[in-house]
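So the structure is just underneath, and the comments pick up after that.
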Amino acid sequence: MRAYRHFILLFIATLCASAVTQQLLLPNKPDSVRFAVIGDNGTGDSRQYDTAARLIEWRSLFPYTFVLMMGDNMYGGEKPKDFANKFERPYMPLTQAGVKFYASLGNHDDPENQRAYKGYNMGGERFYTFKPKNGVRFFALDSNYMDKAQLEWLDKELSASGSDWKICYFHHPLYSSGATHGSAVDLRGLVEPLFIKHKVNVVFSGHEHFYERIKPQKGIYYFISGCAGKLRKGDIRKTDLTAKGYDNDNSFMLLEVAGDQLSFQTITRAGQTIDSGVINRQNSK
Amino acid sequence: MHTTAKHFFGCMLAAVTVVAFAAGETQPVNRQAEVFKEFSDRVKKYVELQKSLEKTLPHLPDKTDAAAISAHEVALANLIRAARADARPGDIFLPDVQPLFKRIIRANFKGTSGRARMKTTREGNPKLEGNPAGIQVKVNALYPSNQPMSTMPPGLLLNLPPLPEEVTFRFVGRDLILRDSKAALIVDFIREVTP
C-alpha cells in the first residue's frame, strides 16, 4: 500500500514537472514573427538529435516559421551523406512542414559547400539579408572572413534597411564569458561601430558551446546560443558580462517579435526553460 | 634679428628633414604597391582561368542539393589541376611579395591586439584543431572538406591586398595559403608567416 502511494506521488510529480517544462512563456500573438535559434549543431550525434527532437516538439506549442543557424552547421566531413546525417534527418519534420533554415557560417563550415545548399537558404552568398515581415530584417554575416567587401556591404545594407528591428547574427560572439574562446575583440572593433551607427537591436552568435545572455552593451542586446549539438560544460567564466548563463546541457532559443517587443525563451535538450524575457525595442518612438 | 634668423634656419632644417624622410618613405611604399599589384594581377589571372574552366561545367544554381555541389567542386578541382599541372610554389606568392606578407602579418600580431589576432588564427586552424596529418600544404593539393578553416582576423585582412570572392587567405599551421574557395584547392602558399 505504501509502495503504491509512493508510486502515485511520483507519477503526479512527474506530470507536474512535465507540465512546467512544457510551459510556453512567449505571447504567441497572431501576425508576429516567430523563429528559433540554434548554433554549433552539426555533429550528427545523439546530442544534436535529442535537441532537434525537443525543437520539433516545441513547434506544436509555438509555431515558428524559420530557424536561424549560428554556424558550425557541419562538423567533420561535408559530403552528401554528412548533409543528410547532420541536417536533413534531424530536422526533417521541420523542413517538411515548410520551416526555413537560414544559415550563417562557422569555422567548421566550407562556405562554398554551404552557401549553395538549398536547405540553408543563403541565396548563394556568404553573407546576406532577409526580411520575413515588414519592420523586421535579419543580417547573416560571415565572421570567419570579415573582409573590406563584407564591411562595406554591411554598412550599406544596414543604412538602407529602414526596418524597425535590425537583427544581426554570425558565428563569433563580440562579447562572451567563455573560457575557451572569449570575446572576438578584433571583430568587435570593426562591426560594433556599424551596429551602433545603424541602431542594430539584437545580435545572436554561437561558437561558444553554451548559452549566454549578455548584459546590453552600448545599448545592444547580445545572445550566445552555440550548443544545439556541441556542449562545453562548465566553460562560462564569472565575468561582469553575463545576465544569464547556462553550460550544463544543450539548448536552443525560441523568439517572437510582436510590435516593439521581442520575447525569448531558452529551452534545454531536456525540455527545461532556463531563461526567458522581453526586450523592448531601443529606438522605438 | 638673431632670433628670426635662427627661426628661419630651424624651419628650413625641419622642411628638409621632412622632405628627405618623405622621399625615403615614398620609395618603399611605391615598391610595395608595385609588388602587391603584381601579386593581385597573378590572382586575377588565376580567377580568370578558374572562371573559364567552370563555364565548361553544368551551371550550379544558387539553391541545390549536396550531391550536385560536391560533384561540381570535384569536377572543377580536376580541371584546374590539369590546367595547372606545372604550377610551382611562388607562382602567385612571388618571391618578392613573400617578405611583405610576412612583415605585415608579424606587425599585425604584435602587442595586445596582436595577441588576440594570433589567437583568432588558431581557431579552426586545421593543424591545431583538425587532424594535422589530414592536410598537406602543397600547390594543387585538396583542402579536405572534413578539415576546419582558420578564422582570419578582420584587422589583418584589412591590411592585406583584397582578394576576389573566388579565393581566400587562410592559415594552415604557421603557413599562409591562398585557397580556391570554389574548387577547395591550395593555389599557393607561404611557409611560416606567423611568429
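Because only heavy atoms are used, hydrogens play no part in the values below, and waters and symmetry mates are left out as well, while side chains stay in. Being a predicted model, the structure only gives us computed values, none of them experimental. Letters go in sequence order (proteins before strands), and every chain restarts at 1.
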* With a cut-off of 6.0 Å (strictly less than), are more than 12 heavy atoms of other residues, nucleotides or ligands near CD of B:Q136? -> no
* Structure fact -> Honestly, the part of B:Y143 sitting under 4.5 Å from a heavy atom of chain A is neither
* Structure fact -> Rounded to the nearest 0.5 angstrom, the OG1-CG distance for B:T151 and A:N107 is 4.5 Å
* Measuring heavy-atom distances to chain A, does B:P162 have an atom under 4.5 Å in its side chain, in its backbone, in both, or in neither? -> neither
* Kindly give the heavy-atom pair with the smallest separation between A:L187 and B:P154, and that separation in Å. => CA-CG, 3.6 Å
* Structure fact -> Of the listed B:N125, B:L156, B:L158, the one with the largest count of heavy-atom pairs under 4.5 Å with chain A is B:L158
* Flag the one option from B:H72, B:E129, B:E165 with the top tally of heavy-atom pairs under 4.5 Å to chain A. => B:E165
* Flag yes if more than 12 heavy atoms outside B:K51 fall under 6.0 Å of its NZ atom; otherwise flag no. => no
* Most chain B-contacting option - heavy-atom pairs closer than 4.5 Å, from A:Y75, A:F87, A:Y117, A:Y120 -> A:Y117
* Asked: With side chains defined as the heavy atoms from C-beta onward, is the minimum distance between A:K118 and B:D65 less than 4.5 Å?
  -> yes
* Asked: Donor-acceptor pair, A:Y145 side chain versus B:F169 backbone, under 3.5 Å?
  -> yes
* Asked: B:E123 versus chain A, heavy atoms under 4.5 Å apart: side chain, backbone, both or neither?
  -> both
* Contact winner vs chain B - A:G124, A:A116, A:S183, heavy-atom pairs under 4.5 Å -> A:A116
* **Part of B:P126 lying under 4.5 Å from any heavy atom of chain A** => neither
* Kindly indicate, with the supporting measurements, whether the criterion side-chain contact (heavy atoms from CB on, under 4.5 Å) is fulfilled by B:R170 and A:N144. => CA-CA 10 Å; B:R170 298 286 180 179; A:N144 306 284; 4.2 Å; yes
* More than 12 heavy atoms of other residues, nucleotides or ligands under 6.0 Å from NZ of A:K133: is that the case? -> yes
* Structure fact -> Cut-off 4.5 Å, heavy atoms of chain A, and the answer for B:R122 is neither
* Out of A:D110, A:D109, A:L105, which one pairs with B:M149 under the side chain to side chain contact (heavy atoms under 4.5 Å, CB included) rule? -> A:D110
* Above 12 or not: heavy atoms from other molecules or residues under 6.0 Å from NZ of A:K199? -> no
* **Side chain A:D186, main chain B:G155, donor-acceptor under 3.5 Å** => yes
* Asked: Short question: side chain of A:K79, backbone of B:S145 - any donor-acceptor pair under 3.5 Å?
  -> no
* To do: Side chain from CB out, backbone as N, CA, C, O: work out which of these in B:S113 comes under 4.5 Å of a heavy atom of chain A, or both, or neither.
  => neither
* To do: Go through the atoms of A:H181 and report whether side chain, backbone, both or neither lie under 4.5 Å from a heavy atom of chain B.
  => both
* To do: Hey, could you give me the OG/CG distance between B:S70 and A:N113, rounded to the nearest 0.5 Å?
  => 7.0 Å
* Would you give the length of the straight line joining atom CZ of A:R115 to atom CD1 of B:I69, rounded to the nearest 0.5 angstrom? => 10.5 Å
* Pair B:K63-A:N121, side-chain contact (heavy atoms from CB on, under 4.5 Å): steps then yes or no -> CA-CA 7 Å; B:K63 261 188 156 187; A:N121 295 293; 2.9 Å; yes
